[in-house]
Amino acid sequence: MKLNRIFIFNLAIFLIALTTFSSCQSDKLQFYRLSGPTMGTIYNIKFIAPQGYNELKLKKDVEIRLDEVNKAMSTYISDSEISLFNKMSKDEKFFPGNDFKRTLEHALDVAKKTDGTFDPTIGTLVNLWGFGPNGKRKIPSQSDVLAAKEKVGYEKIKLDGNTLTKSVDGVYLDLSASAKGYGVDALIELLKSQGIRNALVEVGGEVRTMGESLTRPWKIGVESPSNKDGNPVVRVVTMKDVALATSGDYRNFFKEGGKRYQHTINFKSGAPVASQLASVSVVSETCMDADAWATALMAMGKEKAITYAKKNKLKAFFIYRSDDGSGKYLETSTEEFDKITK
């Protein structure tokens, strides 16, 4: 839950905020902002409400809700629901709460659709390479990789109604590719329940919008992996009632022996994905869905990911390295993504 995957286009949002604030005043509305630490990163909320709205109470409710999500699915909390399940032996019955269950159900669905390329049981390998909560990043031995692979496979867990079991000892669930997005969705639902209809919610880079900033749609920028030309944004996405998530290899990685190892693990090789892809951005109706599919496509590698996204009509944007050794970044996207960008 520590990845920072999307760059918020601050200038665009700032301009929207100014326009909104000036136009809101006559209607006795106001532009509010909330932020704070969560999930090893920061949450940011921008919303429109009547003047005098009790944003301090909302901030408290927001942080309670985020704490609930964290205590359900953070592997960095030793007594979270997911941590307790990971400590259990095979065939023991576990009864997940609603947040954990909904996220796992979605993760298992994406795992089936990608034939395990996206797999919530990848945690054993993630930890082995040092990308987990207690790991030191290193290249493990081949024998350790083979042993860890025996504990990976979404078919090794079973969610039957409200009962969750594992069929192999050592199976380790890791929902970090979905849980942060789910947290964003949970905040959107919280805002709706309190009568707010125009908002932008971001947690560690994962974003979802609701309504508009009154006078115009929300606009979010996708970050450049290099930023060599001084422009941090490579594409601007117009967003209304949708979510945007990006998975990239340029933030969470380590180098050893002159080689670069990123955090996304290939379940077949048991090693970090070796690909030209630098980042994948996905737009979907929910942030959990965008989050999971961005990771799934990143794990597929360039050619397979682009083919899969186009075939399945995903709203996806790809940044990849040129294969000529120049270090140049190239871009491609699906038609569905192009319709909402400029």
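No hydrogens, no waters, no symmetry mates; every other heavy atom, side chains included, goes into these values.
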Do [X] and [Y] have side-chain heavy atoms sitting under 4.5 Å apart?
X	Y	answer
Ser279	Glu223	no
Thr121	Lys156	no
Lys59	Val62	no
Lys192	Glu189	yes
Ile45	Val201	yes
Lys90	Val168	no
Val283	Met239	no
Arg65	Thr38	no

- Please test Gln194 against Tyr53 for side chain to side chain contact (heavy atoms under 4.5 Å, CB included), starting from the C-alpha separation and ending with a verdict. CA-CA 11 Å; Gln194 301 207 11; Tyr53 188 87; 3.4 Å; yes
Can you tell me how far apart [atom1] ([X]) and [atom2] ([Y]) are? Round to the nearest 0.5 Å.
X	Y	atom1	atom2	value
Leu187	Leu66	CG	CG	4.5 Å
Asp289	Asp185	CG	CG	9.0 Å
Lys149	Ile122	NZ	CD1	10.0 Å
Leu34	Phe47	CG	CZ	5.0 Å
Asp79	Leu84	CG	CG	6.5 Å
Tyr43	Ser35	OH	OG	6.5 Å

Shared ILVMFWY cluster between [X] and [Y], side chains joined below 4.5 angstrom?
X	Y	answer
Ile42	Met39	no
Leu330	Met300	yes
Phe85	Ile77	no

- Tell me, with the steps shown, if Met73 and Tyr182 meet side chain to side chain contact (heavy atoms under 4.5 Å, CB included). CA-CA 10 Å; Met73 292 173 285; Tyr182 179 84; 3.9 Å; yes
Of the non-hydrogen atoms in [X] and [Y], which two are nearest, and what is the gap between them?
X	Y	answer
Leu277	Gly301	CD1-C, 3.7 Å
Ser80	Ser74	OG-O, 2.7 Å
Leu159	Pro96	CD1-CG, 4.2 Å
Ala290	Ser284	N-CB, 3.9 Å
Lys93	Met88	O-CE, 3.4 Å
Cys287	Glu206	SG-CB, 3.6 Å

With a 3.5 Å distance limit and no angle check, can you tell me whether [X] reaches the backbone of [Y] through a side-chain donor-acceptor pair?
X	Y	result
Tyr172	Val152	no
Asp241	Gly211	yes
Asp169	Ser89	no
Lys166	Val171	yes
Lys101	Gly161	yes
Thr334	Ala316	yes
Thr295	Phe118	no
Ser178	Thr103	no
Asn127	Gly123	yes
Glu202	Val207	no

- With distance as the sole criterion, is a donor-acceptor pair present between the side chains of Lys219 and Thr238 under 3.5 Å?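 The answer is yes; a qualifying pair exists.
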- Message: Side chains of Asp160 and Thr163: any donor to acceptor distance under 3.5 Å?
- Response: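 There is no such pair between these side chains.
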[X], [atom1] atom: more than 12 neighbouring heavy atoms under 6.0 Å:
X	atom1	value
Asn162	CG	no
Lys60	NZ	no
Asp115	CG	no

- Specify whether Phe337 and Phe317 have parallel, tilted or perpendicular ring planes, treating 30° as the upper limit for parallel and 60° as the lower limit for perpendicular.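 Taking Phe317 first and then Phe337, their aromatic rings lie parallel (interplane angle under 30°).
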- Name the orientation class of the two ring planes belonging to Trp218 and Phe31 (parallel below 30°, tilted from 30 to 60°, perpendicular beyond 60°).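 The rings of Trp218 and Phe31 sit tilted, inter-plane angle from 30° to 60°.
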- Please assess Ser193 against Leu190 for the test side chain to side chain contact (heavy atoms under 4.5 Å, CB included), listing each intermediate value before the final yes or no. CA-CA 5 Å; Ser193 73; Leu190 174 63; 3.9 Å; yes
- Task: Would you sort out whether Val242 and Ile340 count as a side chain to side chain contact (heavy atoms under 4.5 Å, CB included), showing the intermediate values?
- Result: CA-CA 11 Å; Val242 293; Ile340 57 173; 5.8 Å; no
